[in-house]
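Shown next, in structure tokens, is the structure this report addresses.
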Amino acid sequence: MSYIIYRSDGELFAPGRSRLKTTGIVAAAFVLATATVLAAAEPDPPKTNHAEIPRVVLIGDSIRIGYAPKVAEKLNGEAIVISPSSNGGDSENVLKHLDDWVIAEKPDLVHINCGLHDLKRSKSNGSHQVEIERYRANLRTIVERIRKSTRASIIFASTTPIIDERHAKRKADFDRTEADVVRYNAAMIETLRNLDIPIDDLHAIVPNEAAGGIMRSDGTHYEPEGYDKLAQAVADCVRRRIAIDRYRPLTQPPSGPQAASAYRRAAAERDRNVPERFRLPVVAELSPPKNAEEWNRRRPEILKAVVDSLGDLPDRPSPQKTRVVSRELRRDYIIERVDIDNGVDAIVSSLLLIPERREVKAPAILWLHSSTPDKNQILIPHTNGGDEPLGEVLVKSGYIVMAPDAYWHGDRAGTGPSGRSSTGLSEEEDLFKRNLWLGRTLWGMFVRDDRIALDYLCGRAEVDPARIGATGMSMGSTRAWWLAAVDDRIAAVVAVSCLTRYQQLLAHGELRQHGVYYFVSGLLKRFDIEAVVALVAPRPFLALTGELDAGSPADGIRIIDRIVSETYNNLGAQDRFRSILYPEIGHAYTREMRAETIAWFDRFLKPSK
């Protein structure tokens with residue numbers, strides 16, 4: 001008899017005897033032999049509210065048995081991981097036990113790995129254990145039954161490679177070949193993509209040509225290093241799916257005439273509270289260049305001052321150290337989870353979305369997230385001004401999309417100076433203080449990381465480096481136009497809901513609208529933010545801002561618009577700068593803004609369209 005072992009917040013416990021199971025299920029965190037020990041000890045349940053923790057069921061063959069304990073470790077505190085102690089075998093066996101292994105557990109997510117037994121070929125008659133058309137039908141039935149009986153999200157894994165020569169030495173009454181692995185995977189991918197089921201492409205994570213050193217002598221199973229790579233990929237796909245499923249969009253700020261009246265009353269009250277000395281101008285407006293010759297002469301000095309305000313930044317790493325953590329196949333595109341070592345203090349965790357139907361050298365968008373939540377928002381529906389995830393809209397239009405995590409966000413949370421004991425605001429402050437000691441700003445390190453992501457994007461064979469745009473909302477907006485200002489490789493930029501002139505932020509008493517990460521050193525000794533924005537000229541720049549956005553005071557935006565518009569006009573590029581100030585709209589990303597964003601990129605990154 002086996003028990004379900006829950007793993008949560010670093011504590012392990014066996015439920016009371018009323019929860020004992022006879023289905024042969026144990027938690028992936030332990031081998032079966034430990035279950036009786038834990039049950040005898042009867043430790044007190046942890047304080048965590050398990051109703052709030054997602055239940056993840058891992059189903060599959062011996063490869064799954066190898067990586068399941070490591071997946072449980074990596075999802076410790078994030079999910080209850082449940083995994084059968086017995087080998088799941090082929091798709092027929094999974095179907096046979098679906099009620100016990102999956103449906104009875106009421107999971108939030110199911111990760112299934114079956115195929116390795118289906119493709120076994122009998123040496124006596126040459127038939128497969130489950131022929132490929134039956135395999136397709138079984139996959140469809142598994143999906144149908146889980147969807148009918150649960151509300152769980154479903155992920156399938158591709159079958160891992162076989163090294164033919166090693167496998168043949170087993171001298172069993174069956175054989176497996178890599179050619180059959182490829183055929184069965186192709187059938188699975190086609191079948192499941194048509195059902196909108198994502199595929200965790202484990203076959204690509206441990207490719208045949210690289211598997212030799214991490215695969216056992218049987219040509220099928222893995223050494224601990226190999227199972228750890230597979231577990232990282234599984235945990236990553238599971239974690240991303242949970243993040244998407246559980247995200248709840250923030251409440252949109254009020255809009256309309258009444259909201260505008262209330263905003264103006266509150267703004268007037270705040271203005272009255274600002275001491276006179278903080279309302280006074282600090283630095284004069286930037287004088288627009290009269291022509292291209294003057295701009296070419298002045299621009300290097302302005303650029304140097306802007307870059308200097310970021311602090312003494314370390315050189316970016318070259319060559320880069322990168323690795324693909326996971327590869328996920330969606331209906332029309334591929335997701336790669338990429339880690340990039342920034343060479344100083346962090347790994348830049350990123351998503352890369354690659355459309356399957358695209359130009360040989362495709363345009364790309366560097367999408368930069370706001371302060372909530374992280375890179376995964378590019379895949380979350382009902383955000384970024386539309387029902388469909390913005391990333392999916394862009395890949396369907398032929399764009400490659402990259403979304404890197406900023407410091408303390410997403411997979412980078414808890415990786416700062418204090419480790420996992422400091423996250424969120426406290427981690428932000430830790431990073432700000434440390435970088436200040438080192439003579440640089442945290443914002444400078446943000447910009448540096450975004451340039452490192454751009455370095456990676458430019459180096460991808462699928463990307464046309466001359467057609468890369470940058471965009472984001474709120475903090476992501478500011479990341480986008482700062483990046484474009486200091487790096488000419490950004491060919492077009494769209495800034496949504498954050499274009500802030502610092503002196504107006506001061507004058508209106510709104511410094512609190514931005515976290516400490518946002519601030520640079522000494523810029524107002526030379527000029528205000530219009531100088532940073534002007535550095536983008538004559539490349540295309542679109543700004544979309546709500547007039548009721550306290551973090552981007554409207555009077556400051558109008559000053560920026562006037563100066564930067566004149567700059568573009570005098571450079572003969574008047575059609576390449578546009579700023580829309582939406583009346584009666586606050587800090588929001590609207591449907592109109594999404595439409596303007598996509599049209600802008602289509603116009604300048606896909607001119608033949």
Side-chain angles (χ1 to χ4, degrees), residues 277-278 282-283 301-317 340-349 368-372 374 404-455 472 474-487 498 500-507 509-529 531-533 535 551-552:
R277 59 184 174 277
F278 292 115
V282 177
V283 67
E301 181 184 354
I302 295 172
L303 177 60
K304 182 180 184 305
V306 167
V307 171
D308 286 349
S309 76
L310 299 174
D312 186 14
L313 302 181
D315 292 337
R316 304 194 307 280
I340 310 169
D341 191 332
N342 77 1
V344 175
D345 60 1
I347 299 297
V348 183
S349 46
L368 304 168
H369 67 76
S370 67
S371 55
T372 55
D374 52 41
D405 275 329
Y407 281 97
W408 84 85
H409 290 82
D411 291 300
R412 300 177 69 172
T415 63
S418 302
R420 297 207 64 83
S421 63
S422 182
T423 59
L425 178 60
S426 61
E427 186 175 3
E428 174 189 356
E429 293 174 345
D430 286 353
L431 288 161
F432 177 83
K433 295 167 186 175
R434 179 178 184 271
N435 281 292
L436 198 62
W437 272 341
L438 293 171
R440 60 199 187 214
T441 65
L442 179 53
W443 186 251
M445 295 299 284
F446 265 60
V447 174
R448 179 180 181 272
D449 274 0
D450 290 338
R451 295 189 76 185
I452 288 170
L454 180 58
D455 292 338
S474 191
M475 180 178 84
S477 168
T478 309
R479 291 169 68 188
W481 49 262
W482 265 91
L483 176 62
V486 303
D487 201 314
C498 200
T500 307
R501 194 168 192 267
Y502 298 155
Q503 292 177 92
Q504 275 60 48
L505 199 69
L506 274 166
E510 295 288 9
L511 284 174
R512 61 196 170 86
Q513 295 291 339
H514 299 279
V516 295
Y517 71 85
Y518 175 86
F519 296 90
V520 297
S521 176
L523 192 68
L524 285 182
K525 293 172 67 176
R526 298 289 305 278
F527 29 63
D528 210 316
I529 211 68
V532 182
V533 177
L535 288 172
S552 298

Completion exercise
For Met475 and Ala406 the tightest heavy-atom approach is CE-CB, 4.3 Å
Fill in the blank from the handout: Scanning both residues in full, the closest heavy-atom pair of Asp411 with Ser349 reads CB-OG, 3.5 Å
Practice task
Using a 4.5 Å cut-off on heavy atoms from C-beta on, say whether the side chain of Leu313 contacts that of Met445.
Solution key: yes
Exercise for the section: Kindly indicate, with the supporting measurements, whether the criterion side-chain contact (heavy atoms from CB on, under 4.5 Å) is fulfilled by Arg479 and Trp443. Expected result: CA-CA 9 Å; Arg479 291 169 68 188; Trp443 186 251; 3.6 Å; yes
Handout entry: Heavy-atom check, side chain of His514 versus side chain of Cys498, under 4.5 Å
Key = yes
Problem - His409 side chain vs Ser371 backbone, donor-acceptor pair below 3.5 Å - result: yes
Handout entry: OH on Tyr518 to OG1 on Thr478, rounded to 0.5 Å
Key = 5.0 Å
Problem - With Tyr517, the side-chain contact (heavy atoms from CB on, under 4.5 Å) member among Phe432, Phe446, Tyr407 - result: Phe446
Practice task
Start with the C-alpha gap between Ile529 and Leu523, add the side-chain angles, then the distance that decides, and say whether side-chain contact (heavy atoms from CB on, under 4.5 Å) holds.
Solution key: CA-CA 8 Å; Ile529 211 68; Leu523 192 68; 4.1 Å; yes
Exercise for the section: Work out which heavy atom in Asp528 is nearest to a heavy atom in Val283; give both atom names and the distance. Expected result: N-CG1, 3.9 Å
Problem - Backbone N/O of Gly444 and side chain of Thr441: donor-acceptor pair under 3.5 Å - result: yes
Practice task
Could you give me the CA-CA distance, side-chain angles and deciding distance for Ser552 and Thr500, then say whether side chain to side chain donor-acceptor pair (under 3.5 Å) is met?
Solution key: CA-CA 5 Å; Ser552 298; Thr500 307; 3.3 Å; yes
Problem - Gap between atom CG of Asp455 and atom CG of Asn342 - 0.5 Å precision - result: 11.5 Å
Exercise for the section: Measure the spacing between CG of Leu483 and CG of Leu454 and express it to the nearest 0.5 Å. Expected result: 5.5 Å
Practice task
Measure the shortest side-chain to side-chain distance between Leu310 and Arg440 over non-hydrogen atoms and say whether it is less than 4.5 angstrom.
Solution key: no
Fill in the blank from the handout: d(Glu427 CD, Asp430 CG) to nearest 0.5 Å is 7.5 Å
Problem - Worked verdict on Leu511 versus Leu506 for side-chain contact (heavy atoms from CB on, under 4.5 Å) - result: CA-CA 6 Å; Leu511 284 174; Leu506 274 166; 3.6 Å; yes
Problem - Carboxylate-amine/guanidinium proximity below 4.0 Å for Lys304 and Asp308 - result: yes
Handout entry: side-chain contact (heavy atoms from CB on, under 4.5 Å) partner of Trp482, chosen from Val532, Val533, Asp487
Key = Val532
Handout entry: Minimum heavy-atom distance Ser474-Ser370, with the two atoms named
Key = CB-CB, 3.8 Å
Exercise for the section: Output yes when a side-chain donor or acceptor of Glu428 lies under 3.5 Å from a complementary backbone atom of Trp408, and no otherwise. Expected result: no
Practice task
Would you mind reporting whether Arg526 and Val306 have side-chain heavy atoms less than 4.5 Å apart?
Solution key: no
Practice task
Just do the side-chain contact (heavy atoms from CB on, under 4.5 Å) check on Arg448 and Val344 with the steps written out, would you?
Solution key: CA-CA 11 Å; Arg448 179 180 181 272; Val344 175; 3.3 Å; yes
Problem - Shortest non-hydrogen separation from Ile347 to Asp341 and the atoms involved - result: CD1-CA, 3.7 Å
Practice task
Spell out, as yes or no, whether a donor-acceptor pair under 3.5 Å connects the side chain of Ser422 to the backbone of Gly419.
Solution key: no
Exercise for the section: Would you name the heavy atoms of Arg412 and Asp405 that are closest together and state the gap between them? Expected result: NH1-O, 2.9 Å
